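Nothing here was measured: the structure is a model prediction, and the numbers come from that model. Reminder, nothing fancy here: chain letters follow the sequence lines and each chain counts from 1.
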Number of protein chains: 2
Amino acid sequence: MKSLIPAIALLFSVFIGAQELKSPNGELTMQFSLENAGRPTYKLSYKNKSVIKPSHLGLELKNDKSLLNDFTIVKSETATFDDTWQPVWGEEKDIRNHYNELAVTLKQNETDRIILIRFRLFDEGLGFRYEFPTQKNLVYFTIKEEKTQFAMTGDHTAFWIPGDYDTQEYDYTESKLSEISKKFDAAVTDNASQKQFSKNGVQTALMMKTSEGLYINLHEAALINYSCMHLELDEETLIFESHLTPDTIGDKGYMQAPCNSPWRTIMVSDDARDILASNITLNLNDPCKIEDTSWIKPVKYIGVWWEMITGKSSWSYTNELPAVQLGVTDYSKVKPNGTHAANNTKVKRYIDFASEHGFDGVLVEGWNEGWEDWFGQSKDYVFDFVTPYPDFDVEEIHNYAKSKGVKMIMHHETSGSVRNYERHMDKAYQFMKDNGYDAVKSGYVGNILPRGDYHYSQWIVNHYQYAIEKAADYEIMVNAHEAVRPTGICRTYPNLIGNESARGTEFQAFGGSKPNHVTVLPFTRLIGGPMDYTPGIFEMDISKLNPNNNSHVNSTLANQLALYVTMYSPLQMAADLPEHYEQFMDAFKFIKDVAIDWDESIYLEAEPGHYITVARKEKGTNNWFVGNVNGNEARTSNIKLDFLEKGKKYEATIYADAKDAHYKTNPQAYTIKNKKMTSKSKLSQLSVPGGGFAISIKEID
Amino acid sequence: MKSLIPAIALLFSVFIGAQELKSPNGELTMQFSLENAGRPTYKLSYKNKSVIKPSHLGLELKNDKSLLNDFTIVKSETATFDDTWQPVWGEEKDIRNHYNELAVTLKQNETDRIILIRFRLFDEGLGFRYEFPTQKNLVYFTIKEEKTQFAMTGDHTAFWIPGDYDTQEYDYTESKLSEISKKFDAAVTDNASQKQFSKNGVQTALMMKTSEGLYINLHEAALINYSCMHLELDEETLIFESHLTPDTIGDKGYMQAPCNSPWRTIMVSDDARDILASNITLNLNDPCKIEDTSWIKPVKYIGVWWEMITGKSSWSYTNELPAVQLGVTDYSKVKPNGTHAANNTKVKRYIDFASEHGFDGVLVEGWNEGWEDWFGQSKDYVFDFVTPYPDFDVEEIHNYAKSKGVKMIMHHETSGSVRNYERHMDKAYQFMKDNGYDAVKSGYVGNILPRGDYHYSQWIVNHYQYAIEKAADYEIMVNAHEAVRPTGICRTYPNLIGNESARGTEFQAFGGSKPNHVTVLPFTRLIGGPMDYTPGIFEMDISKLNPNNNSHVNSTLANQLALYVTMYSPLQMAADLPEHYEQFMDAFKFIKDVAIDWDESIYLEAEPGHYITVARKEKGTNNWFVGNVNGNEARTSNIKLDFLEKGKKYEATIYADAKDAHYKTNPQAYTIKNKKMTSKSKLSQLSVPGGGFAISIKEID
């Protein structure tokens, strides 16, 4: 009798079991069914064009019957949700969360186990996840691999970075899907910690464009207590399958029902701007869990940082010792190296500059003992996060900053030594509160300790979450670098005001990034949440800071200004040295003026790898800021200013590339023009290769 | 020219390099030399008999030239040390630390690296360790394996347990060295977490006896920031070589100079009593690092424990749920299972009993939420260490115990989830202090999290140390079960008042231990420090507690009493149920009377596997207590009471096996006799198989 079950299931799925879900506007259609042998399968279409071909769903379990097939549908429930919520900070004052939902409850016949697959179809895309309700037969289980498929309809163009368990700090490669494996090796560049798993492995958010002009984006939302998902392509079938980050012993997830996977998201549109404007990732996360959020505030800051990144100065205090031991090494007796940047004099200079120009905060890296041998030694007790070098007086700096109305920003580099960080976390956070620090930049450079684990495994993902939640207890904002890339968790914990998790500006001092890098990031890295990209570099010739560093910043100065608008973040750094800003005070004015929190954002133009133009309305004012970043070829933006309020008059200041500007040969050539504008105005504005423009628009009273 | 170096080194070692060290009494001789190719080599003799044949020293490094050979002697320094110190608690009021030292500084020619091997030769044995001074060419290094040899002179009889990275909870096997591999599989019994590495792998402390009647013991002292050492035997050559516990990725030690290995110890004597009386392990540890030790006090306690161990009652509160989630599961709404032992009523009964009979403390296990699914699930957030079950009122119990003059003893089972414990440690310790707990029994049952790591790796050894030191900050005493076996660290941190780390009394309820087990433990497990063996079982038929448990306690009642004297510990439990003690109040009197801290200890008789008899003088009084435990065959002890003060009169109460007693067939048959005694008295006393006797001797005023 048992052999009949697959046949019955097949019939059931084809004739009875097929479930259809439509997006609110009717343009997206998702169909779910059980295919051969009770295998969960979905497909997705947009305006009657196939986006995802029939794709299987399920999970492979360790030492257990897998949750892949042998299912029957027990129950199907549909619902509609439409709500508008207000983020603590964001691109919009109001965010609409509007979707139709299908929740399919499945029973695995042999095991009598229940799983539920929940689909939410928004106008801009689909989210779905696995849910494991409380039950007798499925309590604890270990995931060997998640087997979620995304079957592509053709050999799309993709903007991808190599799948890696430890880093996302790669330049994007634009290629056909079928070319990924051939281009993989060239796409892998050196990193402090890295581990690839397949030459067809890529990371999410993955941005694609079809030959028919559809834009497709694959990512995940609400990565909590689960391993980070990568995608592996089958070159023959063009099917992507999920590939989770393993732990040290190769397991991919330890689960206890009731529980669920993160959401898998598929955004799709024939207009690339819709991808950038979508709030699917945030909407699939839980509402804010922090009751009083009054202490969470967007931050514009400068920092003692770029001069170390470029090699002009050092994080470390001495060059005299081959190694140091915290609490043992007596720094008062060693010879200072003379290049230590985080000293009282220099920090005060930064505080003065921040105060003079209205910045909220000053980040100081290298202020604490341990930087002499912090990296690459698998050093467990590498930092204590509370002991300053002799030339950095925490109290004096605290008082000085306070007197100048500036907040200090803490830096916690962990060197990947996660246990050590957790051991010191309470004291480190308390130290911050005692000394006037409200925000911390944390870092996870190098291989993870416990050794053999990866930056993106479930265990370490849990650590980042622990750090965020504990910081919230102390009313501390977190900007975590080298942590797992964000998945919209900032909705639930808005004290997570930034992440790195991509190739940031620092790589411009490590040899340079691709000129069109910043036209890709908003389609990929920023889908999950804001990035501490650290823009604002005015001096593109790094050898002027450090004669031994021949890097060139592949960007025009105007492009650097535009980033404050195109790279949405509530945390924005002016990363260059004060003395460089002082050489270009007219351009610097834009950085001083630009808002960091918004009532509204309108994407005016967008094409991944080529250009992005966005207009944003400053929170609580009538001021607008427009940013355009441009890729490898010169291009003229033709935009309408119809987003301005009708009948009002505005004055715009346009910071643009000079005609002869070029990211490589003439990056500092810019123009600044003032123009009167109304909602009827149009603007035609050139951007050179690697260039862009930034516009500040203020209402005239 | 290079090829000449080995030859030169050989000459050097044979003719110049041989260094000799004698013990203070001249009976032990250690010789160190550089053998072929500059290989560090030592040998040891006792009364002109070889104990350790020429054995190599050194370390294999990972991805680096190993520190095995190519050495020349740069410097040799000798010293004599003689000092007497007072432990916070111990077998003796005064401990003499008397040794001759040889410190050999070696340079590795090719690498220009310096290591130092420090030998300390005591009258009862040798300790040596590797030291890595600050230097340019050896800063960070990873140990692939330590290659310390102990070359045996013959096929000795050994008392061994299987080498295992996760547990020491095995019965001892007595066999010839050459038989270890053949008997290995039979020696491995099931454990909650276990991982053997070789059929010739054994653990330390390893006790041996030669055919010539020499007793040899191999162990280590001061295991700090290093991996636990096992021994692996080469069956052909009878050479033991060190085998360190690896971490998840197979590495065995992450070192940063200046640093050193633990001490490797070789005790030797022709009198087995010297092995038991030796303080080498303590003497090789650093002096006490806790300034104010006034809060550290020996503890005699009872506990709500044995009834769970036997299966009579349960740690868990409900049987209704397949799994629980801390902070989610609402215990106030579940159906109690009716077998939960840690309830207010029962705990008060224990407090009453403790108060009535003068016990210092009451341990309660299973008081906190999470026991429904605590084991074997690789559950990360398994306990929070602060949330009681609904039927255990922390404040009420605290007040009740206080009113009765009894201290509560905390229980922290971690289920091996080490990160979770560290995350909660501060709060858990503070909770203890807030609620009147001064001591904690911690547990590490099951596989370690981070998954893939082992109980005895450097990383996890560091955790136990972290827990001890942090507890000291809170003035908390620690009794850590399933942690790495002790190595004398209680000298440095005397708040470590106990460990399990061997097969304790609980195994008597898990099927039973060998009758002579307790005649071996003082020669093995106790070499490193006190054990929370939990003696005092009066009801040997476990089926009387739990009809489904047919275990038999392989011990006579008199043997159980003797354990309070033979198993030295400042922490002693009376493990059986109050109702069992109430059936034998005359015998129970010994447990009430016996001291737990001592001015003096005299080992009267000893033969591993057969018998141990020891007399101890209670701290600050003239009372003596004598204990004898006996092995598999009946035996009569003939002892002189000449340790008693001359001219004084004493009354002795002798708790002994009845003539027809037997551990298996008649374990509860005992006699109690009173006798007057002086320093001239002699005693002839029978002990049956698995039996023993206990004597309480009080000065008559």
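Chain A forms the most heavy-atom pairs under 4.5 Å with one residue out of B/W459, B/F141, B/Y254, and that residue is B/W459. Comparing A/K136, A/E422, A/Q325, A/R419 by heavy-atom pairs within less than 4.5 Å of chain B, the highest count is held by A/R419. Between chain A and the options B/V418, B/I249, B/V328, B/L321, the largest number of non-hydrogen pairs under 4.5 Å is found for B/I249. Per-residue counts of heavy-atom pairs under 4.5 Å with chain B were compared for A/G452, A/P258, A/G250; the largest is that of A/P258.
Counting heavy atoms of neighbouring residues, nucleotides and ligands inside a 6.0 Å radius, atom NZ of A/K470 exceeds 12 of them. In this structure, A/D330 places its CG atom where more than 12 heavy-atom neighbours from other residues, nucleotides or ligands lie under 6.0 Å away. Heavy-atom contacts from other residues, nucleotides or ligands closer than 6.0 Å to NZ of A/K427 number 12 or fewer. In A/K289, the NZ atom is not crowded: 12 or fewer heavy atoms of neighbouring residues, nucleotides or ligands sit closer than 6.0 Å.
Looking only at side-chain heavy atoms (C-beta outward), A/T248 and B/R451 stay at 4.5 Å or farther from each other. Using a 4.5 Å cut-off on side-chain heavy atoms (C-beta onward), B/V139 and A/Q377 make no contact. For the pair B/R423 and A/H463, the minimum side-chain heavy-atom distance is below 4.5 Å.
Interface remark: A/D251 contributes no atoms to any contact with chain B (heavy atom separation under 4.5 Å). Both the backbone and the side chain of A/L449 come within contact range of chain B, with heavy atoms under 4.5 Å apart. Heavy-atom distances place both the backbone and the side chain of B/D373 under 4.5 Å from chain A. Residue A/N225 does not touch chain B at all, counting heavy-atom pairs closer than 4.5 Å.
Summarising the geometry, atom CE belonging to A/M425 is positioned 13.0 Å from atom CG belonging to B/D426; distances are rounded to the nearest 0.5 Å.
Among all heavy-atom pairs drawn from A/Y140 and B/V324, the shortest one is OH-O, 4.4 Å.
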